[in-house]
Amino acid sequence: MTDRDSNKPLATSRRNFLKQSIALAGAVSGIAALGLSAPASLRSAAWAAGSDAPEKAALTVGFIPLTDCASVVVAATQGFGEKYGLTINPSKEASWAGVRDKLNTGELDAAHVLYGMMYGAQLGLAGPQKDMAVLMGLNQNGQGITLSKQLRDAGVTNGAQLAEHVKKGGNPLTFAQTFPTGTHAMWLYYWLGSLGINPMNDVKTIVVPPPQMVANMRVGNMDGFCVGEPWGARAIFDKIGFTATTTQQIWPDHPEKVLGTTRAFIEQYPNAARALIMAILEASRFIEASEENRKSTAKLISGKAYVNAPVQVIEPRFLAQYEDGLGNSWKDEHAMAFCKDGSVNFPYHSDGMWFLTQFKRWGLLRDAPDYAAVAAQINQTALYAEAASALKLTVPSSPLRSSTLIDGVVWDGSNPAAYADSFAIKA
C-alpha cells in the first residue's frame, strides 16, 4: 500500500487544493528587484516542458526524522514532483554527518539539512570542504531546548535558575546538540550566552543525532539538549524532561532547515534543481492551506518510514499548541511555519551570514570570512526567485532582513564583522 493510499484525507485535500491553485505564470516580479535577470525560458507552462525538463528525472532527497521534514515527505509521497517531471525518492538518514557525507559523494541529490551545516561544509568546518548550495528554506521556528527531570527536581525550571545553578560550580552540566556547525548548536550556545553561561567553558557539550536525544537523556547522558520537534515534546510525553525555551523565543521566525545540495549538482542539473524547489514550495503551501492538511500531514509523517513517533506527540506543536511539562500551555504565535507566502522559504543572505557570525564568535573560525561573498555563493536567490515567481509567491526585494533576538540585539546583516565581535561572552 502506498502512502497516498494509506492517507486518503491528505490525498483528497491535496486534490481540492490543486483545483484551486493558480496556473503557473511567467511573472518574474521580484526578480528584477533583487538585481537578478530572469531567463528567457521563463514562461507560463510547467517547467517540465521542452528545454526546461529536468536533466535528471529521479532525485533522492535525504531527511532526518524530524517534524520539519514534512514538506519533503509530502512532496515525495503526494505527487507534487510529477507535474515538473520529477520523481522524488525520500531517504531516511540516521545522522547529520551521514547526510553531509552522502551529499558529498552524490548518493543524495539534495537533502533536508541544517542551515549551519551547509555553511560549515563550504568553509571546511566539521568535515571536508565542499562547495554547497542552499536552494530554499524549508521551515522557520519549531525547535526547543529541553532540560532534564533531575534539574527540575533540583529547582531549575527556567534560564535564570539554570545560570544560578551553573555558578555554584561542581560537576559541569552536559548539553547535547546535533552537529558542531548546525542550527541546534548555535541556538543552544546563543541561549546559554544570553544567560551569562559560556558554552565553551562553563558546561560540556556533546553531539547526539536527533532521534537518539530522548533515549540518551533517559539514561542520564545529558542534562539538557537542543533539537527539533517532535523530540522536545517526546521528552515531556515520556516524563523525562521539560521545555526550558523554544527557539522561536530565542529568535522569532528564525531560519531553520533548508533544502541543500552541492554546487556541482545545480551546475549539472539546474532544471532539476528548479523543479525540486517548485515541487517542495507547492507542498509547503499545501501543508499550511488548512488545519485539515496540517493534521493529515502530521499523521503521514508519524509513520515508521518517516519520523516514527506517535501522532499525539507530533500534532499539537505542529498546530501551535504548546505545553512545557511544567503545567504551562499556550498557543504559539511563532510555531513551525513552512511557507507563509514564501517568506519562510526565501534564502536570505542575512540568515546565512548570521551562522558565520556565530562560527566566528565561538572560535570555529579564527579569522573573519567575507560574509557577504560566502552567503552570495551559497544561497541561490536567483534560482529560488524563478521558481517562486512562477508560483506567484512573494519574492522579497532585499536579500537582507532584520530581527531582534532574545538579548535585545538587532541582527540585519549590515555589519556582520562588528556584530560577531560585539558579544561579551564568546570563545
Side-chain angles (χ1 to χ4, degrees), residues 7 9-10 13-14 17 63-74 112 137-149 152 157-159 183-184 187 191 210-211 213-214 217 224-257 283-303 306-341 343-345 406:
N7 201 295
L10 185 58
S13 56
R14 175 182 174 266
F17 176 81
F63 70 93
I64 292 287
L66 292 161
T67 301
D68 52 31
C69 75
S71 57
V72 169
V73 172
V74 169
H112 154 258
L138 292 177
N139 71 292
Q140 292 176 345
N141 308 321
Q143 323 298 295
I145 296 175
T146 298
L147 298 183
S148 68
K149 176 180 179 292
R152 184 194 66 195
T157 60
N158 58 43
T183 53
H184 303 116
W187 308 141
W191 183 66
M213 285 291 189
V214 173
M217 178 170 277
F225 61 72
C226 184
V227 74
E229 294 299 344
W231 305 117
R234 184 63 191 256
I236 295 170
F237 184 80
D238 289 355
K239 296 181 169 48
I240 64 166
F242 65 95
T243 299
T245 187
T246 65
T247 52
Q248 51 264 35
Q249 290 172 315
I250 299 170
W251 178 355
D253 297 333
H254 66 77
E256 187 45 48
K257 305 303 186 301
S284 302
R285 186 164 60 180
F286 162 79
I287 291 169
E288 293 185 344
S290 69
E291 184 170 311
E292 177 195 358
N293 288 9
R294 285 181 176 271
K295 289 181 176 180
S296 295
T297 300
K299 180 181 177 183
L300 171 65
I301 66 172
S302 71
Y306 308 116
V307 179
N308 192 23
V311 70
Q312 61 264 40
V313 171
I314 297 173
E315 184 181 285
R317 291 187 174 189
F318 200 77
L319 298 175
Q321 299 164 0
Y322 272 73
E323 59 105 359
D324 62 3
L326 299 171
N328 304 304
S329 59
W330 67 96
K331 182 81 169 179
D332 202 300
E333 295 182 359
H334 297 280
M336 187 178 295
F338 293 92
C339 187
K340 293 167 65 174
D341 191 40
S343 64
V344 169
N345 312 111
I406 193 172

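Nothing fancy with the numbering, it's 1 onward along the sequence. Keep in mind the model is a prediction, meaning the values are calculated, not measured.
- To the nearest 0.5 Å, the span separating CD1 on I240 from CE on M213 amounts to 11.5 Å.
- R234 places a side-chain heavy atom less than 4.5 Å from the side chain of P310.
- Within the 4.5 Å cutoff, the side chain of V307 has heavy atoms near those of the C69 side chain.
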Open item on the list: Assess the residue pair D68 and L138 against the criterion (side-chain contact (heavy atoms from CB on, under 4.5 Å)); give the C-alpha distance rounded to whole Å, side-chain angles, the decisive distance to 0.1 Å, and a yes or no.
Closed with: CA-CA 7 Å; D68 52 31; L138 292 177; over 6 Å; no

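- Counting only heavy atoms from C-beta outward, the side chains of M336 and T67 approach each other to under 4.5 Å.
- In this structure, the side chains of H254 and Q143 come closer than 4.5 Å at one or more pairs of heavy atoms.
- When atom types are taken as modelled, the side chain of E288 and the backbone of A337 share no donor-acceptor pair closer than 3.5 angstrom.
- A heavy-atom distance below 4.5 Å is found between the side chains of S284 and N345.
- Atom CH2 of residue W231 and atom CG of residue D238 lie 9.5 Å apart, to the nearest 0.5 angstrom.
- Of the possible polar contacts, one joining the N141 side chain to the D253 backbone as a donor-acceptor pair under 3.5 Å is found.
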Task: CA sep, side-chain torsions, deciding dist, call: I287, S71, side-chain contact (heavy atoms from CB on, under 4.5 Å) - done: CA-CA 7 Å; I287 291 169; S71 57; 4.1 Å; yes

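- The closest donor-acceptor contact from the side chain of S296 to the backbone of N293 lies at 3.5 Å or more, if one exists at all.
- Note that CD1 of I406 is 8.0 Å distant from CH2 of W191, once rounded to the nearest 0.5 Å.
- Partners of F318 under the ring-ring contact (aromatic ring centres under 6.0 Å, His included) rule, at least two apart in sequence or in another chain, are F338.
- The two residues I250 and W187 make their nearest non-hydrogen contact at CD1-O, 3.8 Å.
- To the nearest 0.5 Å, atoms CG (L66) and NE2 (H112) are separated by 5.5 Å.
- Listed by chain and number, the residues in a ring-ring contact (aromatic ring centres under 6.0 Å, His included) with H184 amount to none (sequence neighbours excluded).
- Contact annotation: the side chain of L147 never approaches that of R152 to less than 4.5 Å [non-hydrogen atoms, C-beta and beyond].
- Residue K331 qualifies as enclosed at atom NZ: its count of foreign heavy atoms under 6.0 Å is above 12.
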Open item on the list: side-chain contact (heavy atoms from CB on, under 4.5 Å), that's the test. Do V72 and K257 meet it? Break it down for me.
Closed with: CA-CA 11 Å; V72 169; K257 305 303 186 301; over 6 Å; no

- [ ] Go through the steps for H334 and T246 under the test side-chain contact (heavy atoms from CB on, under 4.5 Å), then give the verdict.
- [x] CA-CA 10 Å; H334 297 280; T246 65; over 6 Å; no

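- Between Y322 and W330, the ring planes lie parallel to each other; the angle is under 30°, not in the 30° to 60° tilted range.
- D332 contributes atom CG, which lies 11.0 Å from atom CD of Q321 (distance to the nearest 0.5 angstrom).
- Of the possible polar contacts, none joining the R294 side chain to the E315 backbone as a donor-acceptor pair under 3.5 Å is found.
- Residues P65 and N308 have side chains not in contact (no heavy-atom distance under 4.5 Å, counting atoms from C-beta outward).
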